[in-house]
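These numbers were taken from a predicted model, which means no experiment stands behind them. Numbering of residues begins at 1 and proceeds along the displayed sequence.
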Amino acid sequence: QVTLVESGGGLVQAGGSLRLSCAASGRTFSSYAMGWFRQAPGKEREFVCASSRSRYVTYCADSVKGRFTISNDNAKDTVFLQMNSLKPEDTAVYYCAASQGRSYNSPAREQYDYNYWGQGTQVTVSS
């Protein structure tokens, strides 16, 4: 069992940056592949970025590639989402998730691969 708590959301102008954090507590953080998802108003939740258990392999959706980066601090049991060049269409609730049982270098891109979810943090990008 792991508990995930996101922070770092807020209101930012288009072109700005934010860094989201997700603190994990419970079972060993390095046991999990980690991911970020988001859900905009009236839309389905979608994949943003993921990292493998090794933390060496990462993957981001095409819509954020080159602008968002996922990283991890295993010493602090925390995963980050650095978001640069933000656009109004990035406005959403952002969720952190943990996936157990993955291969060491295999990020998880599907929601059904994830076992634990945070409560979400709101990101609003104004034009």
Side-chain angles (χ1 to χ4, degrees):
Q1 181 90 17
V2 64
T3 301
L4 305 171
V5 179
E6 302 98 333
S7 61
L11 174 64
V12 63
Q13 287 190 329
S17 297
L18 279 176
R19 188 175 82 154
L20 304 183
S21 300
C22 173
S25 61
R27 196 173 163 188
T28 307
F29 180 62
S30 58
S31 300
Y32 298 92
M34 300 299 296
W36 287 94
F37 290 77
R38 67 185 181 185
Q39 186 167 21
K43 294 189 176 181
E44 305 248 330
R45 188 160 57 184
E46 64 176 5
F47 169 75
V48 178
C49 291
S51 68
S52 63
R53 284 175 54 215
S54 70
R55 311 307 186 214
Y56 292 134
V57 182
T58 62
Y59 181 81
C60 289
D62 288 344
S63 58
V64 304
K65 203 168 289 184
R67 300 187 298 121
F68 290 13
T69 304
I70 185 171
S71 62
N72 298 267
D73 184 340
N74 280 355
K76 296 183 178 179
D77 291 354
T78 302
V79 60
F80 304 99
L81 184 69
Q82 178 66 44
M83 305 186 295
N84 298 328
S85 302
L86 282 160
K87 304 175 182 180
E89 51 263 44
D90 294 319
T91 295
V93 177
Y94 283 72
Y95 297 91
C96 170
S99 173
Q100 64 184 77
R102 301 289 298 179
S103 300
Y104 195 55
N105 287 311
S106 176
R109 308 175 195 181
E110 303 294 340
Q111 295 185 53
Y112 56 71
D113 287 324
Y114 287 86
N115 310 97
Y116 304 100
W117 294 83
Q119 82 290 347
T121 186
Q122 176 70 46
V123 172
T124 303
V125 184
S126 63
S127 56

Shortest non-hydrogen contact from L11 toward S126: CD1-CB, 4.3 Å
Flag for R38-Y94: side-chain donor and acceptor within less than 3.5 Å: yes
Contact check, side chains of W36 and M83, non-hydrogen atoms, under 4.5 Å: no
Contact summary for N84 and S17, nearest pair of heavy atoms: OD1-OG, 2.9 Å
Min side-chain heavy-atom separation V79-F29 under 4.5 Å: yes
E6 side chain vs C96 backbone, donor-acceptor pair below 3.5 Å: yes
Main-chain N/O of V5 paired to Q119 side chain as donor or acceptor, under 3.5 Å: no
Set of residues satisfying salt bridge (Lys or Arg N to Asp or Glu O under 4.0 Å) with respect to K76, sequence neighbours excluded: none
In one Ile/Leu/Val/Met/Phe/Trp/Tyr side-chain cluster, 4.5 Å: W117, I70: no
CG-OG1 distance between D77 and T3, expressed to the nearest 0.5 angstrom: 12.0 Å
Distance in Å, R102 CZ paired with S31 OG, rounded so as to fall on 0.5 Å steps: 14.5 Å
Distance (rounded to the nearest 0.5 Å) between Q13 CD and S127 OG: 9.5 Å
Heavy-atom donor-acceptor pair, S99 side chain to D113 backbone, under 3.5 Å: yes
Residues L81, C49; criterion side-chain contact (heavy atoms from CB on, under 4.5 Å); working and verdict: CA-CA 8 Å; L81 184 69; C49 291; 4.0 Å; yes
Straight-line distance of R53 CZ to N72 CG, nearest 0.5 Å: 12.5 Å
Pair D62 + K65: basic N to acidic O under 4.0 Å: yes
Cation-aromatic face contact R109/F47, 6.0 Å, 45 degrees: no
Cluster check V93, L86: I/L/V/M/F/W/Y, side chain < 4.5 angstrom: no
Any side-chain heavy-atom pair of P107 and S52 under 4.5 Å: yes
N/O donor-acceptor pair under 3.5 Å between T91 side chain and V125 backbone: yes
Distance in Å, Q82 CD paired with L20 CG, rounded so as to fall on 0.5 Å steps: 9.0 Å
Trace of the side-chain contact (heavy atoms from CB on, under 4.5 Å) decision for Q111 with Y95: CA-CA 11 Å; Q111 295 185 53; Y95 297 91; over 6 Å; no
Residue pair S54 / N105, side-chain donor-acceptor N/O under 3.5 Å: yes
Donor-acceptor under 3.5 Å (N115 side chain, Q100 main chain): yes
Straight-line distance of M34 CE to S71 OG, nearest 0.5 Å: 11.5 Å
Any donor-acceptor N or O pair under 3.5 Å, side chains S30, T28: no
Closest non-hydrogen atom pair between Y116 and Q1, with its separation: OH-CA, 3.5 Å
